[in-house]
There are 2 protein chains.
Amino acid sequence: MRGKVGPATMREVAERAGVALTTVSRAFSNPDKLSPDTLRRIADASAELQYTVNLSARSLRKRSSGMLLVLLPDIGNPFFSLVLKGIEEGAREGGRVLLIGDTGSDATLADAYAGQLDAGTVDGMILIDGRVPFPHGSPARARLMRAPVVALSEHVDDPSIPFVGIDNRAAGRDVAHLLADLGHRRLGHIAGPAANGLTTLREQGFAEGARERGCDLLGTATGDWSIGSGQAAAADILSWPHRPTAIFAANDEMAIGAVHALAAAGVSVPGELSVVGFDDIDFAAVGSPALTTIRQPRFAMGRAAVEAVTARIEGRTTAEPARILPFERVMRASTGPLGSGQTAAGRG
Amino acid sequence: MRGKVGPATMREVAERAGVALTTVSRAFSNPDKLSPDTLRRIADASAELQYTVNLSARSLRKRSSGMLLVLLPDIGNPFFSLVLKGIEEGAREGGRVLLIGDTGSDATLADAYAGQLDAGTVDGMILIDGRVPFPHGSPARARLMRAPVVALSEHVDDPSIPFVGIDNRAAGRDVAHLLADLGHRRLGHIAGPAANGLTTLREQGFAEGARERGCDLLGTATGDWSIGSGQAAAADILSWPHRPTAIFAANDEMAIGAVHALAAAGVSVPGELSVVGFDDIDFAAVGSPALTTIRQPRFAMGRAAVEAVTARIEGRTTAEPARILPFERVMRASTGPLGSGQTAAGRG
DNA sequence: TTGTACGCGTTATCAC
DNA sequence: GTGATAACGCGTACAA
């Protein structure tokens with residue numbers, strides 16, 4: 001008895017159930033069209049044979065895989081966690097599954113992922129790292145553009161790709177206003193990496209908001225979104241000739257790093273310096289002090305993104321070039337009114 | 001001109017290059033066997049046609065997909081981020097790609113994932129949520145077991161599955177010893193969810209270590225790994241008739257939540273209460289106070305896990321039932337010697 | 001309602 | 001070194 005190795009095939013199920021192979025196929029895709037009796041026999045047969053459809057064969061035939069590719073710059077960034085949950089849930093409801101590519105913001109790597117998934121291996125694509133794989137104008141890029149693609153959180157440089165996210169510029173302005181309302185006039189900024197779209201928008205918005213309220217933006221330190229870079233940036237700011245009374249870090253991790261570095265340097269927050277973050281990750285609420293920040297609707301963003309790709313996959317033309325979701329101020333203990341405690345005593 | 005829609009096929013490349021279909025196939029898998037000249041012509045032809053191999057067809061034929069399935073309970077848990085990076089890197093080096101399933105610790109969901117990926121759609125599987133899909137003894141489970149599977153971080157109930165991770169029991173003991181060495185005698189524990197393997201091992205180890213050093217384990221509060229549950233657990237502990245002088249939380253998030261709740265209740269850490277966490281996630285280092293914790297080699301764990309599945313996939317029989325990696329004490333400011341500051345003054 | 005016949009794009013086998 | 005041919009497992013006209 002040589003026996004076969006792999007799992008059972010439709011053909012075997014058909015033989016066992018005493019029907020044609022076609023009928024079995026239909027039993028899995030169009031059960032309504034079959035008589036209850038044959039349906040039952042097929043169900044029994046597949047159960048006995050532990051049959052599962054071969055997805056490779058199915059996607060080869062249908063030219064679609066039931067998979068969504070998600071490209072993100074850093075799976076370790078806690079900002080993405082809830083976003084991914086949203087995407088995941090939406091994908092599952094649509095009967096699709098998630099392929100996740102961590103590009104590390106490396107264009108070559110992103111290309112490798114996209115390339116491998118080019119030929120119908122993937123039904124759609126969600127770009128969270130602000131970059132479209134392949135250089136602009138290249139044939140590969142052009143080919144990719146024909147697939148359902150949406151940009152999430154960060155805009156990409158191709159206007160034909162729908163965007164899902166918040167208005168980062170408006171959010172940056174809002175932070176400046178928030179700080180101005182507390183009486184602050186000398187502001188500082190901890191920005192993300194220079195080449196990044198989010199960096200630009202949040203920084204521009206912040207500068208704009210500061211101007212509108214007659215505040216001085218004394219300077220900008222550059223980080224890379226990481227906790228460590230926030231610490232370094234804070235140290236930098238403390239060395240400026242004119243020290244700000246409030247700083248805005250372009251994400252929560254850098255803000256948390258900054259707060260830690262400030263505490264280590266004996267600077268009280270918010271007594272001497274107010275700090276605002278961005279994103280409202282879980283850890284923002286339990287720092288000491290808890291972080292004032294801008295909340296992005298992360299889960300909803302994920303859901304909206306799948307919704308958008310799914311619409312394009314299924315041919316429902318959304319015609320919606322962008323889906324802008326609302327952000328939200330979250331006031332906590334890391335900000336305070338100017339002069340509330342300019343001594344080292346701080347305020348708890 | 002009706003024109004075809006999909007991407008180019010091997011057949012078309014072959015025609016254009018003036019060679020047989022077979023030769024093109026070889027050009028992609030066994031380039032060494034071809035003359036430099038034909039190789040060149042094929043390369044040119046595929047470039048002009050923007051050819052990419054169809055992965056569905058390839059996996060149908062080769063009965064392998066180049067994909068690894070990773071099942072984890074919560075993609076939002078920062079512990080997994082570095083682990084995933086390790087897996088990702090290893091998979092990529094092996095020319096494979098990652099399929100990630102967030103099960104939310106829901107068995108049904110895990111089954112759905114595993115089921116959909118059953119029939120050769122996936123080359124191997126890494127289980128990080130301590131559960132093997134499908135009930136024990138079921139045919140589906142049996143079939144799954146024939147595929148290359150390894151358990152990461154948490155053991156699963158099937159002894160035939162290789163394990164990669166640290167010795168959680170020993171780590172729990174080590175925490176007790178650490179605390180005892182600081183002079184603490186009255187200990188408390190914040191455990192993970194009851195049904196969890198990691199919970200059990202860390203708790204047993206902690207209790208064991210406490211006994212060995214003659215410490216009293218005054219009680220255990222139960223959390224669910226989340227920050228919020230750590231806060232609740234701390235509140236619970238403060239209501240115990242006999243209050244411990246040191247507590248061990250089974251992960252960093254609960255520890256951070258606990259520290260925050262203690263601070264809110266006016267309890268100084270480590271002045272009145274020392275706190276130890278587990279995992280050494282990034283945020284552990286920048287809390288106030290920074291968290292004493294047990295570091296797991298997360299990246300290395302991920303690498304080791306891919307290495308193990310890859311070995312099984314490629315038939316290299318590892319014969320290694322378990323791969324135990326070393327953990328490490330990380331002493332920071334959330335722990336202090338007993339009585340160092342039993343007043344509210346604390347120690348910064 | 002059910003069955004027949006063919007093709008999806010690739011790799012493996014064997015011959016030249 | 002290269003080429004013809006047969007699967008791989010499934011979906012879908014089309015016919016019955």
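Letters go in sequence order (proteins before strands), and every chain restarts at 1.
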Checklist entry - B/T38 side chain N/O closer than 4.0 Å to the phosphate oxygens (OP1, OP2) of D/dT2? => result yes

Checklist entry - How close or far is atom P of C/dT10 from atom CZ of B/R63, stated in whole angstroms? => result 19 Å

Next on the checklist: Does a side-chain N or O of B/S56 approach OP1 or OP2 of C/dC8 to a distance below 4.0 Å, or not?
Outcome noted: no

Checklist outcome for this item: Rounded to whole Å, the CG-C1' distance (A/D37 to C/dT2) equals 13 Å

Next on the checklist: Whether B/K85 and A/D74 form a salt bridge (side-chain N of Lys/Arg under 4.0 Å from carboxylate O of Asp/Glu) is what I want to check.
Outcome noted: yes

Checklist entry - Charged N to carboxylate O under 4.0 angstrom, A/E88 versus A/R92? => result yes

Checklist entry - Is B/E15 paired with B/R11 through a side-chain N to carboxylate O contact shorter than 4.0 Å? => result yes

Next on the checklist: Are B/D158 and B/R141 packed together at the side-chain level, in the sense that at least one heavy-atom pair is separated by less than 4.5 angstrom?
Outcome noted: yes

Item to check | Atom-to-atom span, CD1 of A/I42 to C1' of C/dG3 - whole angstrom | outcome: 12 Å

Checklist entry - Rounded to the Å, how far apart are B/L60 CG and C/dC8 C1'? => result 9 Å

Item to check | Short side-chain to backbone donor-acceptor contact, B/N30 and B/K33, under 3.5 Å | outcome: no

Item to check | Spacing of A/R40 atom CZ relative to C/dT1 atom P, expressed in whole Å | outcome: 19 Å

Considering only nitrogen or oxygen atoms on both sides, find all protein atoms under 3.5 Å from nucleotides 10-14 of chain D and state each distance.
| residue | atom | partner | partner atom | Å |
| --- | --- | --- | --- | --- |
| D/dC10 | OP1 | A/Y51 | OH | 2.4 |
| D/dC10 | OP1 | A/N54 | N | 3.2 |
| D/dC10 | OP2 | A/M10 | N | 2.6 |
| D/dG11 | OP1 | A/R58 | NE | 2.7 |
| D/dG11 | OP1 | A/R58 | NH2 | 3.3 |
| D/dG11 | OP2 | A/S25 | OG | 3.0 |
| D/dG11 | N2 | A/R61 | NH1 | 2.7 |
| D/dG11 | N3 | A/R61 | NH1 | 2.7 |

Next on the checklist: Regarding B/S35 and B/D37, do their side chains bring together a donor and an acceptor under 3.5 Å, going by distance alone?
Outcome noted: no

